[in-house]
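Report on one structure; see the data block that follows.
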There are 2 protein chains.
Amino acid sequence: MELTVSEENYLKAIYHLSEGGKKSVSTNDIAAEMKNKPASVSDMLRKLGEKEVIEYRKYYGLQITETGKRYALQTIRKHRLWEVFLVEKLNFAWDEVHEVAEQLEHIHSPLLIQRLDAYLNYPKFDPHGDPIPDEFGDVRSRPRVQLNEMEVNQTGQIVAVEDSTPAFLRYLDKVGAYIGARIKILDKVEFDGSVEILVDQKKTIFMSKDVACNILVIQS
Amino acid sequence: MELTVSEENYLKAIYHLSEGGKKSVSTNDIAAEMKNKPASVSDMLRKLGEKEVIEYRKYYGLQITETGKRYALQTIRKHRLWEVFLVEKLNFAWDEVHEVAEQLEHIHSPLLIQRLDAYLNYPKFDPHGDPIPDEFGDVRSRPRVQLNEMEVNQTGQIVAVEDSTPAFLRYLDKVGAYIGARIKILDKVEFDGSVEILVDQKKTIFMSKDVACNILVIQS
DNA sequence: ATTTATTTTTAGGATTGCCTAATATATTTT
DNA sequence: AAAATATATTAGGCAATCCTAAAAATAAAT
Ligand SMILES: [Mn+2]
Ligand SMILES: [Mn+2]
Ligand SMILES: [Mn+2]
Ligand SMILES: [Mn+2]
């Protein structure tokens, strides 16, 4: 079965919202994520239900099916592989890739993705630290914590960001936080949740809770 | 102004038909090229006229405008650059690239194309020997003749093919004709226009007129 | 110069994907 | 439990892109 670009985008949004811990995904949430109106979402949910990529009962809620998950993961795989390509091969900055990958993820060609994967040397993570599903849709997820939840003196390594907007990513570039950086919590301010961290045993960075909660760390 | 994918495809078809020597491009020709119906073409011509990428008078004919040419050449540039990428970097065969490039040519990102061009080392020709327009839409065209129009004992170099269908390209692979090959006409059969050529002073190939007329040569 | 054939356009319809406004259902408050 | 609020769906519409069938314009043949 072939999905349209719009259907692929909806399914991806639904998958992400489902994985985000929330029990049920609401029409309003999807509308917000897709930047369109709830009425449009209702239209699309009916169609996705008919195509059996979600299980949908009006007014009750929806659940993504196994088939739907496979489609979503395939699109996510393509998105993240293209992001790696743009950064590794075309020297894009990590804050410049998302919009283009959003288009490239809809190019339909199994051969293309297989070759791209090989060309990039089968990367496991995208430039934002997000895992790249394999061709069967398997994702290797690592136990990650938000930086603001760590305690003073704990150490770890930055492995991903939860916000991929250019503004946030450029800010991280500016202060010197990057994927792969080894960090240690030097201080936490009770009052506002801001933290001070040591990066690579060299540089001290002070950041607000708003920033810290979008940085994901593997503790060590 | 932004063109839709469909508009870009129509404009490309119109450009190619215009360059094909024909004085005026007919609605039927466009429909054939686009593999849809003349009625649909009429719809689109009105729209392209309103956007001033063609000059269109009902029942009379149409002419692509300078603006239209720029858009068409931009799309052609993208198509051909992607074809080079697929062959040079992802090891696609030259008969496998067209369909994918047909999709990739519509990805919208000036930065992407600029970087891709640099990454490929500013190629001047695509895998089928067609010239790649520069970022300003300038095309360096070379004087080429169809192989079947050459006389016995004349020599030259294969520089392009006029047919890019997989069946034709795979046939050329099989018999050993390729872009860049130095050739000499050994014999021509008056009766059916078939020719015998010597490739790289080594191999003799016999081909029908139907094949020969789709092979373009620079004479030397 | 008519008639005939071809080409092109218009009329009307389907599908996709979005919208606003109105309605229906579910949830929360009192 | 009823009323108020929040959430979700339907009704009706619009734009894009395609279609078939009918009508109009042009070109070709007699
Ligand atoms: Mn997308
Ligand atoms: Mn990413
Ligand atoms: Mn195309
Ligand atoms: Mn080509």
Side-chain angles (χ1 to χ4, degrees), chain A residues 1-14 17-18 20 22-64 68 71-72 75 102-103 105-108, chain B residues 1-14 17-18 20 22-64 68 71-72 75 102-103 105-108:
Chain A
M1 179 192 42
E2 289 289 294
L3 298 180
T4 67
V5 168
S6 202
E7 285 167 345
E8 284 183 353
N9 283 333
Y10 269 97
L11 209 50
K12 197 157 62 90
I14 291 167
L17 290 168
S18 304
K22 286 197 167 184
K23 291 217 168 358
S24 68
V25 183
S26 79
T27 301
N28 276 346
D29 287 348
I30 299 170
E33 181 81 12
M34 298 289 300
K35 290 171 189 186
N36 56 21
K37 297 299 154 85
S40 309
V41 175
S42 285
D43 279 354
M44 185 55 87
L45 292 182
R46 189 186 42 68
K47 258 201 332 190
L48 293 178
E50 281 165 8
K51 290 201 169 182
E52 296 183 36
V53 291
I54 63 171
E55 209 181 304
Y56 173 56
R57 275 176 311 159
K58 299 194 300 196
Y59 290 108
Y60 271 83
L62 65 96
Q63 208 179 349
I64 192 164
Y71 279 109
T75 306
E102 205 55 48
Q103 298 175 62
E105 71 188 0
H106 304 291
I107 301 292
H108 176 77
Chain B
M1 180 192 40
E2 289 289 294
L3 298 180
T4 67
V5 168
S6 202
E7 286 167 346
E8 283 182 354
N9 283 334
Y10 269 98
L11 209 50
K12 196 156 62 92
I14 290 167
L17 290 169
S18 304
K22 287 197 168 186
K23 293 218 171 351
S24 68
V25 183
S26 80
T27 302
N28 276 346
D29 287 348
I30 299 170
E33 181 82 10
M34 297 289 299
K35 289 170 192 194
N36 57 19
K37 297 298 153 82
S40 309
V41 175
S42 284
D43 279 354
M44 184 55 87
L45 292 183
R46 190 186 40 68
K47 259 203 331 190
L48 293 177
E50 281 165 8
K51 290 202 171 184
E52 296 183 37
V53 291
I54 62 171
E55 207 180 305
Y56 173 56
R57 275 175 311 158
K58 296 195 303 197
Y59 289 109
Y60 270 84
L62 65 96
Q63 211 181 345
I64 191 164
Y71 278 109
T75 306
E102 205 54 48
Q103 298 175 63
E105 70 188 1
H106 304 290
I107 301 293
H108 176 77

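Every heavy atom of this structure was used, including side-chain atoms; hydrogens, water molecules and symmetry mates were not. Here the structure is a predicted model, which means the values were calculated and not measured. Numbered from 1 within each chain, the chains take letters A, B, ... in sequence-line order.
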Anything under 3.5 Å between a protein N or O and an N or O of nucleotides 3-8 of chain C, put it in a table, one pair a line.
| from | atom 1 | to | atom 2 | distance (Å) |
| --- | --- | --- | --- | --- |
| C:dT8 | OP2 | B:N28 | N | 3.0 |
| C:dT8 | OP2 | B:N28 | ND2 | 3.4 |

Under 3.5 Å, which donor-acceptor pairs link side chains of residues 48-57 of chain A to any protein atom two or more places apart or in another chain?
| from | atom 1 | to | atom 2 | distance (Å) |
| --- | --- | --- | --- | --- |
| A:E50 | OE2 | A:R46 | NH1 | 3.2 |
| A:K51 | NZ | A:E2 | O | 3.3 |
| A:K51 | NZ | A:E7 | OE1 | 3.1 |
| A:K51 | NZ | A:E7 | OE2 | 3.3 |

(request) Please determine if a side-chain N or O atom of A:S6 lies less than 4.0 Å away from the OP1 or OP2 oxygen of C:dT16. (result) no

(request) Give the rounded distance in Å between these two atoms: CD of A:E2 and C1' of C:dT15. (result) 17 Å

(request) Give the rounded distance in Å between these two atoms: CG of A:N36 and P of D:dA8. (result) 14 Å

(request) Find the distance B:R57:CZ to C:dT9:P and express it as a whole number of Å. (result) 12 Å

(request) Using the test side-chain hydrogen bond (donor to acceptor under 3.5 Å, both in side chains), find all partners of A:E105 that sit at least two apart in sequence or belong to another chain. (result) A:K12, A:H79

(message) Reading DNA chain C from 5' onward, which residue's closest nucleotide shows up sooner: B:R46 or A:S40?
(response) B:R46

(message) Going by side-chain hydrogen bond (donor to acceptor under 3.5 Å, both in side chains), name the residues that satisfy it together with A:Q63, two or more places apart in sequence or in a different chain.
(response) none

(message) Rounded to whole Å, please give me the gap between CD1 in B:I30 and C1' in C:dT9.
(response) 14 Å

(request) Of all the heavy-atom pairs spanning B:L11 and B:G68, show the shortest one and how long it is. (result) CD2-O, 3.6 Å

(message) Rounding to an integer number of Å, can you tell me how far B:K35 NZ sits from D:dC19 P?
(response) 13 Å

(request) Could you tell me the separation between the OG atom of A:S6 and the NE2 atom of A:H106, rounded to the nearest 0.5 Å? (result) 9.0 Å

(message) Let's see if you can work this out: which of C:dT10, C:dT9, D:dT20 has an atom nearest to the side-chain heavy atoms of B:K37?
(response) D:dT20

(message) Check this for me: does the side-chain of B:D43 come within 3.5 Å of the base of D:dC18 through a donor and an acceptor?
(response) yes

(request) Under the side-chain hydrogen bond (donor to acceptor under 3.5 Å, both in side chains) rule, collect the residues that match up with B:S24, sequence neighbours excluded. (result) none

Could you list the donor-acceptor pairs under 3.5 angstrom formed between side-chain atoms of residues 34-44 of chain A and any protein atom two or more places apart in sequence or on another chain?
| from | atom 1 | to | atom 2 | distance (Å) |
| --- | --- | --- | --- | --- |
| A:N36 | ND2 | A:Y10 | OH | 3.0 |

(message) Which nucleotide wins on minimum distance to the side chain of A:M44, given the candidates D:dC18, C:dT9, C:dC18?
(response) C:dC18

(request) Output yes when at least one side-chain N/O atom of A:Y10 is less than 4.0 Å from OP1 or OP2 of C:dT16, else no. (result) no

